[in-house]
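What follows is a short report on a single structure.
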Amino acid sequence: MKIPRDQIRRWLQQCKEDEPLDPQDRRYVALEDFERDGQRVTIRGGDWTQPLFDCIDLAGEQATAQLFSGYIGTGKSTELRRLTHRLEEAGYDVLLIDAERYHDLAHPLMIQDLLVILAGAFGEKTQDRVGKKILGKGYWERFLDFLQQEIDLKSIRIPGGVLDLQASVRHGHTSFWRDIQRALEASLGRLGAHVHGFIRECVAALESKTPDKRGVVFIFDSLERLRGSLDQFYDTMESVGRVFDQHAQLLHLPGCHCIYTVPPYAELIHPNLARRYSMPIHQPLPAVKVTQRGQELSPHRDGIDKLAELTDRRIPLDTVFGDRRDLLDKLILYSGGHVRTLINFIKVLLIRNVDRDFPPSEAMVQSILDDYAERIRESIRPEGVQVLDSVRRTASLADIEDDKMPLLARYVDNHIVLCYRNGEGWYELHPLIREHIRQRAEGVAGAARP
C-alpha cells in the first residue's frame with residue numbers, strides 16, 4: 001500500500017528528534033519504571049524529576065543549586081519541561097532557559113561567559129514577566145556600564161553597543177570578547193557581585209509581581225550539549241568541569257533555586273563536583289532498557305513496548321508497519337533504547353520508503369541499520385578500540401584509565417557508549433558495533449602476540 005506524500009510529510013513533522021515536549025503534548029510518553037501485578041517493571045529508573053523537585057520543595061527559605069545530567073537525545077529537556085509543569089503546579093515561578101540561545105555550544109565556556117549569560121537570560125525572562133519599566137535597564141546595558149567602569153575599553157571598540165556585545169558573548173571566540181575575558185579575570189569577584197546584585201533585583205521584581213508564589217526557580221538547560229569540534233572537544237570538556245567545580249559559589253544565585261544541566265562526562269573528569277552543590281549530581285538520564293544486561297542481545301519486551309508506544313504517538317503503526325511489527329521491534333532493539341536514534345530511524349524509513357509500498361521491506365530496514373553502523377565504525381579511532389572493548393567486557397567504566405577518560409567522554413557523547421539503569425547503572429556499547437569492537441580488539445591482541 002502506497003501512502004500519499006502529504007501524509008508522510010505530516011508524519012515527519014511529528015518526528016522532530018531534537019524537539020522537547022511538554023507533558024501535555026500527545027506525543028509525550030513517561031519513560032520510567034512502573035508497577036504491574038505488584039512487581040516493579042524496569043525501563044530506565046523512576047521519576048527523574050522527583051529528586052530535583054524534592055530538593056527545592058523541602059529547602060524552605062534556603063536557596064538551592066543543583067546539577068542535572070543527561071545523555072544527548074534521551075529526553076532530558078522534555079523531563080525538565082515536566083519538572084517545570086510540576087513546580088508551577090506547586091506554586092513556584094519557573095524561568096526555563098535554553099542556553100543555546102545565549103552561547104555557541106561548539107566553543108569552550110569560561111566563568112566570565114556563564115555569569116554574563118545567566119544574568120542576561122534571567123533579566124530577559126524577568127522583563128517578559130514584569131515588564132521593562134519595573135526592572136529598568138536589562139543586564140546587557142548594565143554589563144556594558146560595568147565594563148566601562150571596571151576595565152580600560154580604549155583599545156577595545158564595541159561598534160554596535162549592546163547588540164554587538166550580546167553577539168560577541170554568544171559566539172565567544174571573537175577577538176573582542178577574548179580581550180574582555182582576559183580583562184575580567186582580575187575582576188571576577190566584582191563581576192560576580194554585579195551579577196548577583198542584578199539577580200536579587202530580578203527576584204524581588206518577580207516576587208512583587210506574584211507575591212502568592214512560593215519562590216523563583218531558574219532552570220538553565222542545554223549546557224550538556226557543550227562539546228566543541230573534534231580538535232576542541234577536550235578543551236571544551238575541561239572548561240565545563242572547571243567552571244562548575246572551581247566557581248560553584250558564584251553559580252549559587254541569590255534568592256532563588258537553580259538547576260543547571262551539565263554533560264555526563266563532567267563528574268567523570270571532576271569526581272568532587274557534586275560536593276559543591278545542594279545535592280549530588282543526579283544520575284544521568286539513561287537510555288531505555290531494550291535488552292537484558294549481558295553480552296547477548298536478549299530483548300527486554302517492556303522497554304521495546306514503551307518505545308513502540310512512543311513511536312505510535314507520532315505515526316500510526318498499523319498503517320506504517322501493518323503485520324510487520326517485527327521490523328519496528330528490530331529498529332527499537334538496534335537503537336539501543338536511545339530515543340533520538342529511534343526517531344531518526346523512523347524519519348529515514350519514511351523518507352526512503354516514499355512512493356513505495358508499506359509496510360517496508362526487511363531489506364529496507366536492514367539498510368538503515370547498516371548505514372548507521374558504518375557511520376559509527378568510521379568514527380572509532382584505533383586508540384579507542386581497547387577503551388570500548390573494556391566497556392563491552394565489563395559493562396562498566398571502572399577499568400578505564402584516567403588518561404583515556406576524555407576519549408571515553410566523546411564516545412559517551414556520540415551514543416557509542418550507552419548507559420542503562422536497572423536498580424544500578426551499567427554501560428553497554430551501541431548494539432550495532434558490539435561485535436565489530438570485539439573483532440577489532442581481538443585483532444589488536446593477536447597482532448601484539450609474538
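These numbers come from the heavy atoms of this one structure, side chains and all, not from hydrogens, waters or symmetry mates.
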salt_bridge([X], [Y]) N-O dist < 4.0 Å:
X    : Y    : value
E435 : R438 : yes
R82  : E79  : yes
D399 : K404 : no
D245 : R276 : yes
R410 : D413 : no
D318 : R325 : yes

Any donor-acceptor pair under 3.5 Å from [X] side chain to [Y] backbone:
X    : Y    : answer
S379 : I376 : yes
R27  : R314 : no
R434 : R392 : no
T84  : L80  : yes
E378 : R375 : no
S239 : M110 : no
H338 : T341 : yes
Q66  : M279 : no
D98  : E100 : yes
S208 : A205 : no

Flag for [Y]-[X]: side-chain donor and acceptor within less than 3.5 Å:
X    : Y    : result
Q24  : R81  : no
W140 : E124 : yes
D113 : Y102 : no

Checklist entry - Would F53 and H257 count as a close aromatic pair, with their ring centres under 6.0 Å? => result no
Checklist entry - Does the separation of the ring centres of Y277 and H252 fall below 6.0 angstrom? => result yes
Checklist entry - Going through the distances and angles, do Y420 and T42 end up as a side-chain contact (heavy atoms from CB on, under 4.5 Å)? => result CA-CA 10 Å; Y420 299 93; T42 58; over 6 Å; no
Item to check | Mutual orientation of the aromatic rings belonging to H430 and Y372 [parallel < 30°, tilted 30-60°, perpendicular > 60°] | outcome: tilted
Next on the checklist: The test is side-chain hydrogen bond (donor to acceptor under 3.5 Å, both in side chains); show your working for Q13 and R10 and say whether it passes.
Outcome noted: CA-CA 5 Å; Q13 289 301 309; R10 285 192 291 271; over 6 Å; no
Item to check | Worked check of side-chain contact (heavy atoms from CB on, under 4.5 Å) between R393 and D389 | outcome: CA-CA 6 Å; R393 289 182 289 101; D389 192 54; 3.0 Å; yes
Side chain proximity check, [X] to [Y], heavy atoms < 4.5 angstrom:
X    : Y    : result
L118 : I199 : no
V169 : H103 : no
F146 : L184 : yes
F122 : L206 : yes

How long is the straight-line distance from [atom2] of [Y] back to [atom1] of [X], given to the nearest 0.5 Å?
X    : Y    : atom1 : atom2 : result
L369 : L432 : CG    : CG    : 5.5 Å
L114 : H247 : CG    : NE2   : 10.0 Å
I259 : L96  : CD1   : CG    : 9.5 Å
K76  : S69  : NZ    : OG    : 9.0 Å

Checklist entry - Within a reach of under 6.0 Å around OH of Y334, are more than 12 heavy atoms found that belong to other residues, nucleotides or ligands? => result no
Next on the checklist: I'd like to know whether CD of E35 has more than 12 heavy-atom contacts from other residues, nucleotides or ligands below 6.0 angstrom.
Outcome noted: yes
Checklist entry - When D93 is tested against each of K125, K213, R214, R129 for salt bridge (charged side-chain N to carboxylate O under 4.0 Å, His left out), which residue passes? => result R129
Next on the checklist: As a test of understanding, state which of K289, R44, R36 forms a salt bridge (charged side-chain N to carboxylate O under 4.0 Å, His left out) with D302.
Outcome noted: R36
Atom of [X], atom of [Y] and distance for their closest heavy-atom approach:
X    : Y    : value
C55  : T64  : O-CG2, 4.0 Å
S335 : L418 : O-CD1, 4.4 Å
L307 : G337 : CD1-CA, 3.8 Å
L223 : F244 : CD1-CZ, 3.7 Å
Y71  : L285 : CD1-O, 3.1 Å
L342 : I332 : CD1-CG1, 3.8 Å

Checklist entry - So V339 and T74, side-chain contact (heavy atoms from CB on, under 4.5 Å) or not? Walk me through it. => result CA-CA 5 Å; V339 175; T74 55; 5.7 Å; no
Next on the checklist: Let's go through I56 and L52 carefully: what are the C-alpha distance in whole Å and the side-chain angles of both, what is the deciding distance for side-chain contact (heavy atoms from CB on, under 4.5 Å) to 0.1 Å, and is it a yes or a no?
Outcome noted: CA-CA 7 Å; I56 293 169; L52 296 164; 5.7 Å; no
